[in-house]
Protein chains: 2
Amino acid sequence: MTARHEEIADELRRAIDREEYTVGSRLPSEAELAAHYGVSRGTVRQAVAALTAEGLIGSRQGARRVVLASRRSQSFAELRSFAQWARAMGREATGSVVAQGYQPARAEDAVRLHLPEGTPVLHVLRVRGLDGEPVLLERTVYADWISPAVEAIEPDCASVTQRLYDETGLVFAYGEHVIDAVAAGAQDAELLDIRRTSPLLRVRRVTTTREGRPVEWSDDRYRSDAVSFSVHNSIDNNALARKTAE
Amino acid sequence: MTARHEEIADELRRAIDREEYTVGSRLPSEAELAAHYGVSRGTVRQAVAALTAEGLIGSRQGARRVVLASRRSQSFAELRSFAQWARAMGREATGSVVAQGYQPARAEDAVRLHLPEGTPVLHVLRVRGLDGEPVLLERTVYADWISPAVEAIEPDCASVTQRLYDETGLVFAYGEHVIDAVAAGAQDAELLDIRRTSPLLRVRRVTTTREGRPVEWSDDRYRSDAVSFSVHNSIDNNALARKTAE
DNA sequence: TGACGCAACTTGTTCATACAAGTTCTCCGC
DNA sequence: GCGGAGAACTTGTATGAACAAGTTGCGTCA
């Protein structure tokens, strides 16, 4: 039972995807869409606002909306879960824990997870692969209150996110990602089966629950020949920010 | 003459920034905010929707909104213009053209800029620095209709974006950014004053006008010890997407 | 004391209306 | 044919109302 405006947004997304509206062409006016779907203009506006935020269409006062891109971006579900992402692409995700153990939270951990310094937190080092080939090294720190559930998961579980949801009902709802590049160290090189000093795409992220409570933070290193990230944005909607090294 | 809902969004952003609302705390209800600012609930909703999209606050039906982060993300103006970004941080941007010239559009250029293959397009190689130190190498291709204006700009102009706006009224309104990591090549290393094979953060981007017309596309390589990117997102709002190498 | 259920609260959805502000196109006059 | 004025169209902003759906906390009952 999704909301009407989401149904309409989905229909428009699909129409753009199958090039019913081609890149560069104009969308029908709000009034036309409202009449077509039998809803008020406000509901149509909610639908097109979603597509605008995704960068699929552009909007200017007075002019009809323009289609900017046709490739639909992934759902957040696919972003937050390696396994779901792989499945959506028709590839098989693998994963295995290389090392795991409790350590008292350092200042860094305490800040990111909103915990008192010294709280025992679970560190996990995981290698993840697509169709058998390793592409990602995850160094993750879990908050104390979720650590027991994580510890109980078998080392080669393909989808930790899914498992945590099934076991505890935990949903990852918000994330902040900081992206830069690093050279592969000795451990990185060995586990990812690449040469030392190869460039890696590093994503440091913090994930939180719907209530805003931090669950985990992670240093993810991707083989740059296998994975990249993309961001759509606009003059009103800027999820991406550039930062200098501190 | 900004809209009321934007004023309110700004006030809330500032309040969060100066920790009047701390991370993890709850925002007043829509009804309270509406009464406080003397506007309708709809207007308040527009304001908080903006903050939600930025990832500053989290929202769940039935519960009060929660502050997720305090650091405000940059404006799109700062993202699209290296010089404006530098100025906002109190640093000085420099820039110099290393090479420049017309070449017939390759298939790649034609697709990204929506031009016929073979159209003469302007290629520019620029080094950009912060406080004198080189941090970014830009290899940009400009669409034919803007190339003359770009060509007329002096080689050491600090803000090309600003200059193009002043001269032609051109506004960069939408962008798509694809981010990965690459090893510095010989030319990269020399111009950025780093060793060969050092990891670089590569951003390939296409920028378009408000009408949705592509203006330029660029391969930007950042010194990874100097610059990183960050993305806020949420279960409803996912600007960031992970992609495999094709 | 602990568990349950309900009431109060809060955000989500939708509608209808009105006006402001920007764009586009037509048509008229030169 | 060209340029400009203006009408028609389109999106942006704002209000007010009503109901749906989810959360929280209080209070009661066992």
Side-chain angles (χ1 to χ4, degrees), chain A residues 1-12 21 24-53 56-68 169-171 173-174 209-213 234-237, chain B residues 1-12 21 24-53 56-68 169-171 173-174 209-213 234-237:
Chain A
M1 271 318 89
T2 55
R4 192 81 183 94
H5 69 84
E6 285 196 10
E7 286 177 14
I8 294 172
D10 262 354
E11 285 203 39
L12 290 174
Y21 303 118
S25 69
R26 290 170 178 182
L27 240 52
S29 73
E30 294 178 359
E32 285 167 350
L33 289 172
H36 182 288
Y37 290 110
V39 297
S40 75
R41 205 184 132 211
T43 303
V44 168
R45 283 182 66 77
Q46 283 184 74
V48 294
L51 303 211
T52 305
L56 246 61
I57 62 179
S59 209
R60 306 141 63 204
Q61 184 173 142
R64 264 151 113 116
R65 273 171 257 259
V66 181
V67 179
L68 292 173
L170 182 74
V171 174
Y174 306 106
T209 65
R210 285 184 295 193
E211 293 85 20
R213 186 148 67 138
S234 75
I235 205 161
D236 325 291
N237 188 296
Chain B
M1 266 312 95
T2 55
R4 192 81 183 92
H5 70 84
E6 285 196 11
E7 287 177 17
I8 294 171
D10 264 353
E11 284 203 41
L12 290 173
Y21 303 117
S25 69
R26 290 169 179 183
L27 240 52
S29 72
E30 294 178 0
E32 285 168 350
L33 290 172
H36 181 288
Y37 291 110
V39 297
S40 74
R41 205 185 133 210
T43 303
V44 167
R45 283 181 66 79
Q46 283 185 74
V48 294
L51 303 210
T52 305
L56 247 64
I57 63 179
S59 209
R60 306 141 62 204
Q61 183 173 141
R64 263 151 109 123
R65 272 170 258 260
V66 181
V67 179
L68 293 173
L170 183 74
V171 174
Y174 306 106
T209 64
R210 284 183 297 192
E211 292 85 19
R213 186 146 71 137
S234 76
I235 205 161
D236 319 297
N237 188 296

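Nothing here was measured: the structure is a model prediction, and the numbers come from that model. Each chain gets a letter, A, B and so on, in the order its sequence line appears, and its residues count up from 1.
Rounded to a whole Å, the CZ atom of B/R26 is 12 Å from the P atom of D/dT23. Taking atom CD of residue A/Q46 and atom P of nucleotide D/dT13, one finds them 15 Å apart after rounding to whole Å. For the pair A/I57 CD1 and D/dT10 P, the computed distance is 15 Å after rounding to whole Å. B/L27 has its CG atom 19 Å from the P atom of C/dC9, to the nearest Å. Rounding to whole angstrom units, CD of residue A/E30 and P of D/dT13 are separated by 11 Å. At whole-Å resolution of the value, CG in A/L51 and P in D/dT11 are 13 Å apart.
Phosphate contact (OP1/OP2 of C/dC9, side-chain N/O of B/S29, threshold under 4.0 Å): absent. Regarding contacts with the backbone of C/dT13, every side-chain N or O of A/T43 stays at 4.0 angstrom or more from both OP1 and OP2. Residue B/R64 places none of its side-chain N or O atoms closer than 4.0 Å to OP1 or OP2 of D/dG25.
Proximity note for B/R4 (side chain, C-beta onward) versus D/dA14, C/dT11, C/dT14: the nearest is D/dA14. In the set D/dT13, C/dT14, D/dT24, D/dT13 carries the atom at the smallest distance from any side-chain atom of B/E6.
When side chains are defined from C-beta on, A/R4 counts as touching A/Y37, because their heavy atoms get closer than 4.5 Å. Contact of the A/L12 side chain with the A/L51 side chain is registered, since non-hydrogen atoms from C-beta on lie closer than 4.5 Å. Between B/V67 and B/L56, every side-chain heavy-atom pair lies at or beyond the 4.5 Å cut-off. Using a 4.5 Å cut-off on side-chain heavy atoms (C-beta onward), A/I57 and A/L68 make no contact.
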Check nucleotides 19-21 of chain D against the protein and report each pair of N or O atoms closer than 3.5 Å, with its distance, or say if there are none.
{"unit_1": "D/dA21", "atom_1": "O4'", "unit_2": "B/Q61", "atom_2": "OE1", "d": "3.0"}
{"unit_1": "D/dA21", "atom_1": "N3", "unit_2": "B/Q61", "atom_2": "OE1", "d": "3.1"}

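The nearest heavy atom of DNA chain D to A/R210 and to B/G42 marks one nucleotide each, and the one closer to the 5' end goes with B/G42. Between A/G38 and B/E211, the residue anchored nearer the 5' end of DNA chain C, judged by the nucleotide with its closest heavy atom, is A/G38. Looking at which nucleotide of DNA chain C each of B/R60 and A/S40 is closest to, the 5′-most match is held by B/R60.
With a 6.0 Å radius and a threshold of 12 heavy atoms from other residues, nucleotides or ligands, A/R60 has its CZ atom above the threshold.
Here B/R45 lies in heavy-atom contact (under 4.0 Å) with a base.
Taking the charged nitrogens against the carboxylate oxygens, A/R64 and A/E32 do have a contact shorter than 4.0 Å, which makes a salt bridge.
Residues A/R65 and A/S59 have side chains that bring a donor and an acceptor to within less than 3.5 angstrom of each other.
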